[in-house]
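Step one of this worksheet: look at the structure below.
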Amino acid sequence: QVRLLESGGGLVQPGGSLRLSCKASEPIFSVNTFAWYRQSPGMQREWVAAGVSGGATNYADSVKGRFAISRDNAENTVYLQMDNLQPEDPAVYYCKLGLRRRAGSRVNEYWGPGTQVTVSS
């Protein structure tokens with residue numbers, strides 16, 4: 001049904017910044033919950049940041065003060081601003097959206113395909 005599109009990954013130097021984006025491939029009614037996860041080869045996927053439509057946000061200790069999750073309500077697009085990237089940050093980053101496809105429908109969760117973030121000199 002709904003597929004998520006991710007963009008913004010790439011190669012940056014230590015201390016650099018990236019802004020990841022995540023949105024549905026087709027128009028939807030609303031995004032209710034949103035989150036970002038990351039996974040390195042051989043490692044378990046870990047939660048990074050999350051938010052709800054009411055405005056509350058939360059972050060993993062490893063990224064507090066450096067990453068910021070946000071949402072453009074008009075565009076139904078979720079972002080992850082990553083500043084001061086460190087050697088422990090490289091991974092494939094995945095977004096997860098809880099959304100309504102149509103007014104009155106239930107909220108379903110969808111995973112993005114992942115986007116690679118690499119930190120190197």
Side-chain angles (χ1 to χ4, degrees):
Q1 296 183 6
V2 176
R3 296 189 177 189
L4 304 186
L5 307 176
E6 295 187 33
S7 63
L11 172 65
V12 297
Q13 297 180 358
S17 299
L18 286 174
R19 189 191 191 198
L20 307 184
S21 300
C22 176
K23 67 178 181 180
S25 60
E26 298 182 1
I28 59 174
F29 180 72
S30 66
V31 173
N32 295 76
T33 62
F34 43 101
W36 288 92
Y37 294 75
R38 66 185 181 186
Q39 186 171 26
S40 298
M43 303 295 290
Q44 184 176 352
R45 185 172 298 185
E46 64 174 344
W47 169 77
V48 174
V52 297
S53 60
T57 59
N58 200 11
Y59 300 90
D61 290 340
S62 59
V63 304
K64 285 182 178 178
R66 300 188 298 117
F67 291 8
I69 189 170
S70 62
R71 174 172 63 93
D72 184 326
N73 190 58
E75 298 292 332
N76 286 322
T77 301
V78 174
Y79 302 96
L80 183 68
Q81 177 67 43
M82 304 184 295
D83 295 329
N84 192 23
L85 285 161
Q86 298 297 304
E88 67 268 23
D89 295 323
V92 176
Y93 283 71
Y94 301 87
C95 64
K96 185 176 75 173
L97 271 53
L99 57 85
R100 299 182 192 272
R101 295 184 63 195
R102 299 174 297 276
S105 67
R106 63 157 293 175
V107 175
N108 290 317
E109 293 185 330
Y110 300 87
W111 284 96
T115 184
Q116 178 70 236
V117 171
T118 302
V119 181
S120 176
S121 298

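Note: Tyr93 and Phe67 have tilted aromatic rings, judged against thresholds of 30 and 60 degrees for the angle between ring planes.
Under the 4.5 Å side-chain criterion, counting only non-hydrogen atoms from C-beta, Leu18 is in contact with Val117. Using a 4.5 Å heavy-atom threshold, the side chains of Ser17 and Gln81 count as touching. For the pair Leu97 and Val78, the minimum side-chain heavy-atom distance is below 4.5 Å. Here the side chains of Tyr79 and Cys22 are not in contact, with every heavy-atom distance at 4.5 Å or above. Using a 4.5 Å cut-off on side-chain heavy atoms (C-beta onward), Pro14 and Ser121 make contact. Residues Gln13 and Ser120 are not in side-chain contact: their nearest non-hydrogen atoms beyond the backbone lie 4.5 Å or more apart. For the pair Leu4 and Cys95, the minimum side-chain heavy-atom distance is below 4.5 Å. For the pair Met82/Leu20, a side-chain contact is recorded, criterion being any heavy-atom separation below 4.5 Å from C-beta on.
The side-chain contact (heavy atoms from CB on, under 4.5 Å) test with Arg71 is passed by exactly one of Thr77, Thr33, Thr57, Val31: Val31.
Taking the side chain to side chain donor-acceptor pair (under 3.5 Å) definition, one finds that Arg106 meets it with Asn108, sequence neighbours left out.
Side-chain contact check for Asn32 and Ser30: at least one donor-acceptor pair (N or O, by modelled atom type) lies under 3.5 Å. For Tyr37 and Lys96, the side-chain atoms include at least one donor-acceptor pair closer than 3.5 Å.
Applying the salt bridge (Lys or Arg N to Asp or Glu O under 4.0 Å) rule to pairs touching residues 80-95 yields Arg38-Asp89, Arg66-Asp89, sequence neighbours excluded.
Hydrophobic clustering (ILVMFWY, side-chain heavy atoms < 4.5 Å, transitive): Tyr110 and Ile69 are in one cluster.
Under a cutoff of 6.0 Å and an axis angle of 45°, Arg45 and Trp111 form a cation-pi pair.
Closest heavy-atom contact between Asn76 and Lys23: O-CB, 3.9 Å.
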